[in-house]
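Numbering of residues begins at 1 and proceeds along the displayed sequence. On a predicted model such as this, the values are computed, not experimentally measured, just so you know.
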Amino acid sequence: MTGVAVVLAGGEGRRMGGGKPLRAWGDRPLLSRAIELAGGYANQVAVAVREAGQAGQGTEIPLLFDPPEIGGPLAGLASALDFGRRHGAQWVQTLACDMPYLPPDLCDRLAGALAPEVGAVLPTSGGRLHPICGLWRVASRDRLEAYLATGRSSLRGFAEHVGLREVAWDTPGADPFLNLNTLQDLATYQPSAAASDQVLVERPTEAAFSKRAGL
């Protein structure tokens, strides 16, 4: 079972004054950290944006452009699912550009909850659902227009529409799904060398993914 990972970076980031993907986290942009994480979840990685300037210059990662007729993060998911389909993938792991401490076992554990009737597997922590960090079947793209026709536009709603399963993270310490929304958040949760090293993830093989997903 093949998959891709896509960083959703098309938001305006108004609470941070704009330009969130390029804000500094340690000695590099938040987007760079997100791309690193994505590379540990799949061999094929891309970044979904509204316009090219959100990703800056110098990245060799493919840029996907969100459909202008779809609003919010659902537009990024549409781009991600289309990217997955073009690459012959069966699933897409999405992640946000402002969650630099995501768990290294994110994709592993979500994949373990896949089943034929499940179109999306989403993580939870501290009683909160995190739809932007979901594992989505590429085939769910075929149901997106029908969902939009209902007047709904949330990631959670679409996950429910295609068959949602949740996977809970026990987080006795810091929540790995912490997202940085403001400049104060960014200042407070800058990395130390030790913290950054602890959340590096290894690039999986497709065989390893199939094994852990029971496929």
Gap separating the [atom1] atom of [X] from the [atom2] atom of [Y], nearest 0.5 angstrom:
X	Y	atom1	atom2	value
T94	H130	OG1	NE2	12.5 Å
L164	L129	CG	CG	6.5 Å
D98	L186	CG	CG	10.0 Å
I61	Q44	CD1	CD	9.5 Å
F83	R141	CZ	CZ	15.0 Å
L102	R33	CG	CZ	8.0 Å

So [Y] and [X], do their side chains get closer than 4.5 Å, heavy atoms only?
X	Y	result
V47	L31	yes
E69	L148	no
V138	W91	no
L144	L81	no
P123	L106	yes

- Query: Going through the distances and angles, do Q54 and D66 end up as a side chain to side chain contact (heavy atoms under 4.5 Å, CB included)?
  - Reply: CA-CA 12 Å; Q54 291 177 303; D66 297 349; over 6 Å; no

- Parallel, tilted or perpendicular: which fits the ring planes of W25 and Y101, with parallel below 30° and perpendicular above 60°?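 Plane angle over 60°, so perpendicular.
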
- When the ring planes of W136 and F158 are compared, do they come out parallel, tilted or perpendicular, using 30° and 60° as the limits?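 Aromatic pair W136/F158 classed parallel.
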
Heavy atoms only: give me the nearest [X]-[Y] pair and the separation to one decimal.
X	Y	answer
C133	Q93	O-NE2, 3.3 Å
C97	K20	SG-CD, 4.2 Å
L183	R23	CD2-NH1, 3.7 Å
P73	L155	CB-CD1, 3.7 Å
L74	S154	CD1-O, 4.4 Å
P67	A75	CD-O, 3.3 Å

Ignoring hydrogens and geometry, is there a side-chain-to-backbone donor-acceptor pair from [X] to [Y] under 3.5 Å?
X	Y	result
R109	A168	yes
Q190	A187	no
T124	G127	no

- Message: Using the rule that Ile, Leu, Val, Met, Phe, Trp and Tyr join whenever any side-chain heavy atoms are under 4.5 Å apart, tell me whether L22 and L30 fall into a single cluster.
- Response: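 No; L30 is not reachable from L22 via cluster members.
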
- Query: More than 12 non-hydrogen atoms from neighbouring residues, nucleotides or ligands closer than 6.0 Å to CZ on R156, yes or no?
  - Reply: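 Count not over threshold, so no.
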
- Query: For H87 and T2, what are the C-alpha separation, side-chain angles and deciding distance, and is it a side chain to side chain contact (heavy atoms under 4.5 Å, CB included)?
  - Reply: CA-CA 9 Å; H87 285 269; T2 58; over 6 Å; no

- Of L37, L8, I132, the residue whose pairing with L95 passes side chain to side chain contact (heavy atoms under 4.5 Å, CB included):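 Of the listed residues L37, L8, I132, the side chain to side chain contact (heavy atoms under 4.5 Å, CB included) partner of L95 is L37.
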
- Show your reasoning for whether side chain to side chain contact (heavy atoms under 4.5 Å, CB included) applies to R152 and H161. CA-CA 10 Å; R152 302 177 69 190; H161 182 74; 5.9 Å; no

